[in-house]
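For reference, the structure is listed below as structure tokens.
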Amino acid sequence: MLRIWGRTSSSNVMKLLWFCDEIGEAFERIDAGGAFGRTRDPAYLAMNPNALVPTIEDGDFVLWESNSILRYLARTRPRGAAFYPADPRAAADVERWMDWQLASLNAPMTTVFFTYVRTPEAERDYAATAKARDAAEKLWAMVEARLQRHAFLCGDAPTLADIALGPYIHRWLNLPITRAEMPALTAWYARLMTRPGYARHCGGPMS
């Protein structure tokens, strides 16, 4: 059985849990990271020298980096192919958004999220957070423009692109911040929330 190391409050772990639900993949999850520790243990570092989550064990195969894990599962599980097109151009479109999530969206969203959820109020840097909020809003406007043409990021059905960005839109729309109105983005979020795996793993209270 697939083994997933990581705590449920991690956005990168959420992606995997949601995707496993979508494709009917059974898994064993082991709490790691944050208050659970374990990521600095020698045994864990031998699997993932970054000391981060998630890490998976699939038999004797070990893999880290959440979006790489998504691609691997999509290619190795029968129901995964629906989320990761075989056509090179369609696949590149999906991968573009996955890479964009890591390279562009992750940093400002992490700053905003940590400020309001994981940093004591007396220690918050609101000036830095305001800059991050502004940066994130510009990025979400790109997604808004895309979703005005498609129900999901890469067409009329969800792909790994939606899986990769999904946990972040829940945070963006539920953090106590001001936001420009983006109706296509809000409608996309509502569609995601109708999917049981998303609601279960990504749409709950933030911690």
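Just so you know, these numbers come straight off a predicted model, no measurement behind them. Reckoned from all heavy atoms, side chains included, excluding hydrogens, waters and symmetry mates.
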With distance as the sole test, does [X] use its side chain to make a donor-acceptor pair with the main-chain N or O of [Y] at under 3.5 Å?
X: D58; Y: F61; result: no
X: R133; Y: T178; result: yes
X: N48; Y: N50; result: yes
X: R29; Y: R3; result: no

Examine the side chains of [X] and [Y] and answer whether a donor and an acceptor come within less than 3.5 Å of each other.
X: W188; Y: D162; value: yes
X: N67; Y: Y72; value: no
X: E137; Y: W172; value: no

Nearest 0.5 Å, what's the [atom1]-[atom2] distance between [X] and [Y]?
X: M109; Y: S11; atom1: CE; atom2: OG; answer: 9.0 Å
X: S66; Y: I163; atom1: OG; atom2: CD1; answer: 11.5 Å
X: M182; Y: Q148; atom1: CE; atom2: CD; answer: 10.0 Å
X: K15; Y: L165; atom1: NZ; atom2: CG; answer: 8.0 Å
X: S9; Y: F36; atom1: OG; atom2: CZ; answer: 7.0 Å
X: L73; Y: F27; atom1: CG; atom2: CZ; answer: 11.0 Å

Can [Y] be reached from [X] by stepping across I, L, V, M, F, W or Y side chains whose heavy atoms are under 4.5 Å apart?
X: L153; Y: M14; answer: no
X: L63; Y: L52; answer: no
X: I169; Y: M142; answer: yes
X: L160; Y: I4; answer: yes
X: W64; Y: V13; answer: no

Note, [X] side chain near [Y] side chain (heavy atom, < 4.5 Å):
X: E57; Y: W5; answer: yes
X: I56; Y: V62; answer: no
X: M98; Y: R71; answer: yes
X: D125; Y: T115; answer: no
X: L16; Y: F19; answer: no
X: L175; Y: V117; answer: yes
X: P158; Y: F152; answer: yes
X: Y168; Y: Q101; answer: yes

**Asked** Could you give all pairs that pass the ring-ring contact (aromatic ring centres under 6.0 Å, His included) test and reach residues 106-130, with sequence neighbours left out?
**Response** none
**Request:** Write out all pairs satisfying ring-ring contact (aromatic ring centres under 6.0 Å, His included) with one or both partners inside residues 86-110, taking only residues at least two apart or from two chains.
**Result:** W97-W100
**Message:** Taking side chain to side chain donor-acceptor pair (under 3.5 Å) as the cut-off, I'd like each qualifying pair that reaches into residues 32-44, sequence neighbours left out, listed once.
**Reply:** Y44-T55
**Prompt:** Which side chain to side chain donor-acceptor pair (under 3.5 Å) pairs, counting each pair once, include a residue from residues 79-89, with sequence neighbours left out?
**Reply:** Y84-E95
Minimal non-hydrogen separation, [X] against [Y], with atom names:
X: V94; Y: A161; value: CG1-N, 3.7 Å
X: S10; Y: V53; value: OG-CG2, 4.0 Å
X: A26; Y: L2; value: O-CB, 3.8 Å
X: P85; Y: A90; value: CB-CB, 3.6 Å
X: A128; Y: T111; value: O-CG2, 4.2 Å

**Request:** Tell me, yes or no, whether the heavy-atom count around E28 atom CD, taken from other residues, nucleotides or ligands under 6.0 Å, exceeds 12.
**Result:** yes
**Message:** Is there a side chain to side chain contact (heavy atoms under 4.5 Å, CB included) between R179 and L173? Walk through the geometry before answering.
**Reply:** CA-CA 8 Å; R179 289 170 294 271; L173 292 177; 4.1 Å; yes
Show the atom names and distances, to 0.1 Å, of all donor-acceptor pairs under 3.5 Å that link a side chain in residues 192-206 to residues at least two apart or in another chain.
| unit_1 | atom_1 | unit_2 | atom_2 | d |
| --- | --- | --- | --- | --- |
| T194 | OG1 | R191 | O | 2.6 |
| R195 | NE | E22 | OE2 | 2.7 |
| R195 | NH2 | E22 | OE1 | 3.0 |
| Y198 | OH | G166 | O | 2.7 |
| R200 | NH1 | D21 | OD2 | 2.2 |
| H201 | NE2 | D21 | OD2 | 3.2 |

**Item:** Pairwise salt bridge (Lys or Arg N to Asp or Glu O under 4.0 Å) hits with a residue in residues 142-156, at least two apart
**Value:** D93-R146
**Request:** Among N106, D134, L105, find the residue that satisfies the side-chain contact (heavy atoms from CB on, under 4.5 Å) test when tested with L139.
**Result:** L105
